[in-house]
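Shown next, in structure tokens, is the structure this report addresses.
Sequential numbering from 1 along the given sequence is applied to the chain's residues. When reading the values below, keep in mind they use all heavy atoms of this one structure, side chains included, and skip hydrogens, waters and symmetry mates. Remember, it's a predicted structure, so these values are computed and weren't measured experimentally.
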Amino acid sequence: MIKIIWIVALLFSVVVAKDMDPKKLENSCNNGDMDACFSLGKLYDNGKGVRQNYQKATELYQKSCDGGNLLGCNNLGALYEIGEGVKQNYQKASELYQKACDGGNLNGCYNLGLLYYNGDGVKQNYQKAAELWKKDCDGGNLLGCNNLGTLYKIGEGVKQNYQKASELYQKACDGGDPYGCNNLGFLYYNGEGVRQNYQKAAELWKKACDGGNPSACGALGTLYEGGKGLRQDYAIAKEYFGKACDLGNQLGCDGYKRLNNR
């Protein structure tokens, strides 16, 4: 199944301040270091080194955003979107994501695209979502490439183009995004935008499954069960169905139960 990936992109990997000691960060933040304010906000957001406190994270993200730190604007937008530390407010989230995106923060562009796609806090606009995800993808954000590929696959906001979808999924997959690999696997399985190739689909789904994508694990189990693109093997099929089920995939649970009762 190919669908839009609903992952709110937060800045967890980017560490601006070298010293992540909460007390030192607080002192630096109080002295006007906006990077330190953002980093301290992340600690409160994640509960690392301090007791988790979304309200405190909100205050610190707000201070860093007001001081020009776009990472803070994006993460503050995420808290408004999901309603942690503040009352849920999609319009406020969209304004913060817009500020981050306008400043060149790709996660802000990606998240704003989700709001436009779903019509949360802004008027639903698939074309605007496509534009934002293109900007995101061109800048190297793989989730944007995957979602833009899906828009080309289903023809929302752009003219339906399976070949373009395959190119975007390939870009995401090559960059290590399991969602892109999974979706490209479905194109090869169905022969959409590419020549039908069950073996290629199996290779892509294995890569995606190894990356933790539950849909790919279930699809791979189906290939092993039916012997499409690889040698039929019920034991391996059951293994992949089980992995998919453990990750919350219903197709995997059904497949595991079916083979377990053989």
Notebook entry, point to check: Looking at Y44 versus Y54, is the centre-to-centre ring distance below 6.0 Å?
Noted result: no
Item checked: Reference residue N146; test side chain to side chain contact (heavy atoms under 4.5 Å, CB included); the match among N141, L168, D177 -> D177
Checklist line | Stepwise side-chain hydrogen bond (donor to acceptor under 3.5 Å, both in side chains) check, Y61 with D45 | finding: CA-CA 10 Å; Y61 286 152; D45 196 351; 3.0 Å; yes
Note to self: Run the salt bridge (Lys or Arg N to Asp or Glu O under 4.0 Å) test against D120 and tell me which residues pass, sequence neighbours left out.
What the structure shows: none
Check: Atom CG in N105, atom CG in L112: separation rounded to 0.5 Å?
Finding: 11.5 Å
Check: Which value, rounded to the nearest 0.5 Å, describes the distance between L43 atom CG and M20 atom CE?
Finding: 4.0 Å
Check: Between L142 and L204, is there a shared hydrophobic cluster once you connect ILVMFWY residues whose side-chain heavy atoms come closer than 4.5 Å?
Finding: no
Next item on the list: Please report the C-alpha distance between I82 and E84 in whole Å, then the side-chain angles of each, then the deciding distance to 0.1 Å, and finally whether the side chain to side chain contact (heavy atoms under 4.5 Å, CB included) criterion is met.
Entry: CA-CA 6 Å; I82 59 183; E84 287 183 330; 3.2 Å; yes
Checklist line | Pairing residues for D233 by the side chain to side chain donor-acceptor pair (under 3.5 Å) criterion, not counting sequence neighbours | finding: none
Margin query: Regarding R258 and D254, does a basic nitrogen lie under 4.0 Å from an acidic carboxylate oxygen?
Written below: no
Notebook entry, point to check: Among side-chain atoms of Y240 and E225, is any donor-acceptor pair under 3.5 angstrom?
Noted result: no
Check: How about E167 and Y152: do any of their side-chain heavy atoms sit closer than 4.5 Å?
Finding: no
